[in-house]
Amino acid sequence: SWRPGRHPRLPPGEMQPLSPLGTNTPASPSQISHRITEAKQQQTMATTMMNASLSKPFMATRKTSKTASRGNAARIVARAGKRTSKKEAKVTGRPAFSDLMSFSGPAPELINGRLAMLGMSTAILLEPKTNETALALARDYPLTIGVLFALFTFATFVPLRKKETPESKSTGIFTAQAELINGRAAMIGFASLLAVEASKHAAFF
């Protein structure tokens with residue numbers, strides 16, 4: 001029989017629920033449901049944290065794969081462009097612009113040498129008449145100098161595109177080797193002229 005202050009008798013094998021305080025006072029149904037709700041919330045939070053920790057390496061792998069695929073695509077496009085230029089060169093029989101302007105190509109040194117010779121000739125002819133430095137002359141006649149530079153560059157490219165080398169046009173003393181040596185000397189001389197005039201602030205010739 002049940003009396004106030006004593007626990008009711010339970011069927012055999014069933015445990016008496018404890019109170020939240022750990023005492024022998026029986027827990028009410030609301031307290032039991034509250035405990036169950038808290039346990040479910042903790043389980044949900046643990047599952048969410050575990051899923052987030054598992055998804056981070058996957059997202060990093062995905063970003064790495066995207067970056068790698070973009071790099072591979074850029075390399076494929078560059079290779080395709082090189083192959084296209086080579087195919088066009090084979091079909092047309094003309095060297096590609098990239099081949100002419102490469103470090104070991106014939107155009108850069110040839111163009112620079114001819115432009116340096118043009119600059120030295122202009123300085124020798126005009127400096128005594130105007131009493132101005134080479135840079136001052138370039139500032140006074142920018143359009144004329146720009147047109148001359150463009151014409152010299154274009155005139156150098158046209159024969160090279162047609163596979164006409166300076167060696168094939170050599171006659172007598174006017175050889176490709178002589179032009180190459182003169183161009184190198186003109187580049188050194190023009191650079192020295194600019195340095196001397198910049199330090200003296202006066203025309204050299």
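Position 1 is the first residue of the sequence; numbering continues from there. The structure displayed is predicted, hence computed values, not measured ones. Just so it is clear, the values below take in all heavy atoms, side chains as well, and ignore hydrogens, waters and symmetry mates.
Across Ile145 and Ala138, no two heavy atoms sit closer than the pair CD1-CA, 3.4 Å. When all heavy atoms of Phe157 and Met101 are compared, the pair lying nearest together is CZ-SD, 3.3 Å. The minimum heavy-atom distance between Thr156 and Arg114, with the atom names listed, is OG1-NH1, 3.0 Å. Considering all non-hydrogen atoms of both residues, Phe205 and Glu127 come closest at N-OE1, 3.1 Å. Across all non-hydrogen atoms, the minimal contact from Ala123 to Leu193 is CB-CD2, 3.7 Å.
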Please evaluate residues Phe190 and Leu115 with respect to the criterion side chain to side chain contact (heavy atoms under 4.5 Å, CB included), reporting the C-alpha separation (whole Å), side-chain torsions for both, the decisive distance (0.1 Å), and the verdict. CA-CA 10 Å; Phe190 192 67; Leu115 293 178; over 6 Å; no
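In this structure, the separation between CE on Met187 and OG on Ser192 is 12.0 Å, given to the nearest 0.5 Å. A distance of 8.5 Å separates CG in Leu137 from CD in Glu197, rounded to the nearest 0.5 Å. Rounded to the nearest 0.5 Å, atoms CG (Leu180) and OG1 (Thr175) are 9.5 Å apart. Here OG1 of Thr133 is found 6.0 Å from CZ of Arg139. Values are rounded to the nearest 0.5 Å. Atoms CG and CG, from Asn131 and Leu126 in turn, are 12.5 Å apart once rounded to the nearest 0.5 Å.
Environment of CZ in Phe152: sparse, with no more than 12 heavy atoms of neighbouring residues, nucleotides or ligands closer than 6.0 Å. Under a cut-off of 6.0 angstrom, the local environment of CD in Glu38 is crowded, with over 12 non-hydrogen atoms contributed by other residues, nucleotides or ligands.
Within the 3.5 Å criterion, the main-chain N or O of Val196 finds a donor-acceptor partner in the side chain of Ser199.
Cluster partners of Ile188, using a side-chain heavy-atom cutoff of under 4.5 Å among ILVMFWY residues and allowing indirect links: none.
The hydrophobic clustering, which links ILVMFWY residues whose side-chain heavy atoms are closer than 4.5 Å, places Met117 and Ile124 apart.
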